[in-house]
Amino acid sequence: MEKKIVNNYGSFELTFVRGKNATMYTADGKKYIDFIAGIGVNCLGHANKALTKAVAKQAKKEIHISNYYFSDVGLSFAERLLKETGFTGGYFGNSGAEANEAAIKLARKYGQLNGGEKRKTIVTLENSFHGRTLATLTATGQDKFHPDCFAPYPVGFKTIKANDFSALENAFDDTTAAVLMECVQGEGGVNLLDPEWAKACAEAARKAGAIVMADEVQTGMGRTGTLLASDWLGIQPEVVTLAKGIAGGVPMGACLFRGKAQDVFKAGDHQSTFAGNPLACAAGLVVLDSLTAPGFMDSVNEKGDYIRNKIREWNIPFVTDVRGKGLMIGTELSSEVKPFDVEVMCLEKGLCTTTAGSNVVRFLPPLTISYKEIDEGLAIYKSSLESFVK
C-alpha cells in the first residue's frame, strides 16, 4: 500500500517517525541530520514548541471553516503577512503550484483589462520551476518537465534566458501580460539572478505595460536571509507567490499583490475550499513571529555563509562551485560524479540531502538548524563526497 501511495515520488525505503529541529529518527532509532526540511517547508524545524503549541490550541477551537466567512486567526495572519511583506492584498491557497496558478490567472486578467485579448503572454526564465499543474509546468523553463504524455500544454508562455541582457531586447511587447521569475532558481540548480539584470528585466516588462511577478515559493519566508528574496533583488514585484515555509509544515500558499495588480481579482475569479484555513493561519503567525525576531535573519545568513565556506575549504576536486543565498545552498559537481549518487551515499551515512538541476546537490535545512547539527551534517557530507574521489 505504501508504494502505491508514494510511487509518484520514487521514495527511498525509509520511514521517519519523529524529529527534533534538524534531526529525524526512524522507528528503529537511527538518527538522520535533515538538510532538506521537507524541501524548504519545515523552516522552524521539527517539533518546534511554539508551532506545535499554536497548532494544538487552534485545533481545539476550529480547524476549517468555509471561505464564505472569516476566521479571527485568518484575519490576523493576513494583516500581519501584508504588513511584514509590504503588500496590500492577497489570496491564500494550499501549495506553491496553487499560488502560481492564482498569479497566472491574475496576470491574464490584468492583461485583458490593460490591453485587450492580445495581452496574454507570460514571460518566464530558462531553468525555472513553477509547479506541477499543466499551466505551471508550461511556465517552467525546463524541457524535461514537458513530456509529450501531458500534451497539449496551455498556450501563452514565453521563455527567455536569465542574466542575459541581450535577451531583454525583444522579450516584451504589447502582448505581454507579466514576467514571472524565481529570485533564486531552486529546482533549476540553485541559480542566483544578477540583481542588475533582474531590475533591468522588471523595468523592461513594466515599460511594455506588463506587471512583475516573483515566484518565492522556495525563496520566500526567510530562506535566502530576508523575509522575501525580492527584497535584496530590488525588483519590487506587483505580485509575489509564497508557500513551503509559510506555515512551518502545515500546507499553505499565498499570492500577494499590490499596485497595478491590487484590484484585478474580483469575487469568484479564484477560489479554493481549504485555502487559508484557521489551522494553517495559526501556524503562519508563529512562523512570522520567529522570522521577524531580532537577529533571526542575521543567523540565517551567518549559517549559510558558514556552510558554503566549509565546503569550499575541503577542496574536493570534482566540486566546481558552491553557491546560494542564506540557507538555500547548492554544490555543483563535475560530470564524473552524479548528484543522486551523492544523495544516496549521504542517506546511507545519516544525512538527508536532495538534488537540483542536472549537477547540483542542494541543501534547504531548517532555518533554526543548530551549529551542532550543521557540523554533524557537514561531516557526513564531506565523508560522502570523499568516497567518490579517485
Side-chain angles (χ1 to χ4, degrees), residues 1-56 59 63 94-97 129 131-132 186-187 217-218 221 223 243-253 274 277 279-280 283 286-287 307 327-329 331 338-356 360-370 372-385 387-388:
M1 176 61 71
E2 183 175 319
K3 287 186 178 180
K4 291 181 180 179
I5 293 172
V6 300
N7 68 343
N8 281 356
Y9 302 96
S11 303
F12 293 101
E13 293 289 338
L14 188 62
T15 302
F16 290 108
V17 297
R18 63 186 178 91
K20 184 176 182 181
N21 202 26
T23 305
M24 297 190 294
Y25 299 89
T26 60
D28 60 2
K30 186 174 179 180
K31 172 183 171 181
Y32 290 78
I33 301 299
D34 184 8
F35 273 15
I36 301 178
I39 315 182
V41 169
N42 302 105
C43 61
L44 303 185
H46 301 279
N48 178 276
K49 289 183 179 180
L51 185 60
T52 54
K53 181 179 179 181
V55 169
I63 293 176
N94 307 288
S95 68
F129 180 83
R132 300 277 183 174
E187 295 290 336
V217 168
Q218 190 166 138
M221 305 312 293
R223 174 56 54 185
K244 292 195 181 291
I246 191 172
V250 179
M252 192 178 197
F274 294 101
N277 68 72
L279 193 72
V286 175
V287 169
I307 293 171
L327 282 169
M328 188 172 182
I329 300 162
T331 305
K338 304 299 182 186
F340 181 73
D341 293 339
V342 174
E343 179 184 359
V344 171
M345 180 63 71
C346 286
L347 200 60
E348 291 176 358
K349 294 174 178 285
L351 174 66
C352 297
T353 66
T354 187
T355 63
V360 172
V361 177
R362 178 175 40 153
F363 297 164
L364 298 163
L367 305 183
T368 54
I369 190 170
S370 67
K372 181 178 183 295
E373 289 169 318
I374 289 174
D375 287 339
E376 285 187 50
L378 286 177
I380 295 172
Y381 189 48
K382 184 173 186 286
S383 173
S384 298
L385 289 175
S387 68
F388 291 93

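For the numbers below, each heavy atom of this structure counts, side chains included, while hydrogens, waters and symmetry mates do not.
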Worksheet item: Do other residues, nucleotides or ligands put more than 12 heavy atoms under 6.0 Å from the CZ atom of Phe274?
Response: no

Worksheet item: Under a 4.5 Å cut-off applied to non-hydrogen side-chain atoms, are Asn21 and Glu373 in contact?
Response: yes

Discussion item. Within the structure provided, determine whether Thr26 and Thr15 are in side-chain contact (heavy-atom separation under 4.5 Å).
Written reply: no

Fill in: Minimum heavy-atom distance between Leu367 and Leu327, given as atom pair plus value
CA-CD1, 3.8 Å

Worksheet item: To the nearest 0.5 Å, what is the distance between OG1 (Thr353) and CD1 (Ile36)?
Response: 6.0 Å

Discussion item. Centre-to-centre under 6.0 Å for Tyr381 and Phe363, is that the case here?
Written reply: yes

Worksheet item: Considering residues at least two apart in sequence or located in another chain, which fulfil the side chain to side chain contact (heavy atoms under 4.5 Å, CB included) criterion with Pro339?
Response: Leu333, Thr355, Val361

Worksheet item: Taking all non-hydrogen atoms of both residues, which atom of Ala97 and which atom of Gly131 are closest, and how far apart?
Response: CB-CA, 4.2 Å

Item to complete: Given ring pair (Phe, Tyr, Trp, His ring centres under 6.0 Å), test Phe16 with Tyr32 step by step and report yes or no.
Response: CA-CA 9 Å; Phe16 290 108; Tyr32 290 78; 5.2 Å; yes

Worksheet entry | Distance in Å, Ile329 CD1 paired with Leu364 CG, rounded so as to fall on 0.5 Å steps | 8.5 Å

Fill in: Shortest non-hydrogen separation from Cys43 to Gly248 and the atoms involved
SG-CA, 4.2 Å

Worksheet item: Atom CG of Asn48 and atom NZ of Lys20: how far apart are they, to the nearest 0.5 Å?
Response: 11.5 Å

Worksheet entry | Partners passing side chain to side chain contact (heavy atoms under 4.5 Å, CB included) against Ala283 (at least two apart in sequence or in another chain) | Leu51, Val55, Ala247, Val250

Discussion item. Once rounded to the nearest 0.5 Å, what's the spacing between atom NZ of Lys372 and atom CD1 of Ile33?
Written reply: 7.0 Å

Item to complete: Please report the shortest heavy-atom distance between Ile369 and Ala22, naming the atom on each side.
Response: CG1-CB, 3.5 Å

Worksheet item: Can you tell if the side chain of Asn94 reaches within under 4.5 Å of the side chain of Met252, non-hydrogen atoms only?
Response: no

Worksheet item: Within a reach of under 6.0 Å around NZ of Lys30, are more than 12 heavy atoms found that belong to other residues, nucleotides or ligands?
Response: yes

Worksheet, complete the sentence: Here the gap from Arg362 atom CZ to Thr331 atom OG1, rounded to the nearest 0.5 Å, amounts to 12.0 Å

Fill in: Nearest-0.5 Å distance, CD of residue Glu187 to CD1 of residue Ile39
6.5 Å

Worksheet item: Taking all non-hydrogen atoms of both residues, which atom of Gly245 and which atom of Val287 are closest, and how far apart?
Response: O-CG1, 3.6 Å

Extract all donor-acceptor atom pairs below 3.5 Å that involve side chains of residues 341-352 and protein atoms in other chains or at least two apart in sequence.
{"from": "Lys349", "atom 1": "NZ", "to": "Ser383", "atom 2": "OG", "distance (Å)": "3.2"}

Fill in: Gln218 and Lys244: CA distance, side-chain angles, deciding distance, side-chain contact (heavy atoms from CB on, under 4.5 Å) verdict
CA-CA 6 Å; Gln218 190 166 138; Lys244 292 195 181 291; 3.9 Å; yes

Discussion item. Could you tell me if the side chain of Leu378 sits less than 4.5 Å from the side chain of Phe35, heavy atoms only?
Written reply: yes

Practice prompt. Please report the C-alpha distance between Ile307 and Ile374 in whole Å, then the side-chain angles of each, then the deciding distance to 0.1 Å, and finally whether the side-chain contact (heavy atoms from CB on, under 4.5 Å) criterion is met.
Written response: CA-CA 8 Å; Ile307 293 171; Ile374 289 174; 3.7 Å; yes

Fill in: Student check: side-chain heavy atoms of Met24 and Arg18 closer than 4.5 Å
no

Worksheet item: Which atom names give the shortest non-hydrogen contact between Ala37 and Pro365, and what distance separates them?
Response: CB-C, 3.8 Å

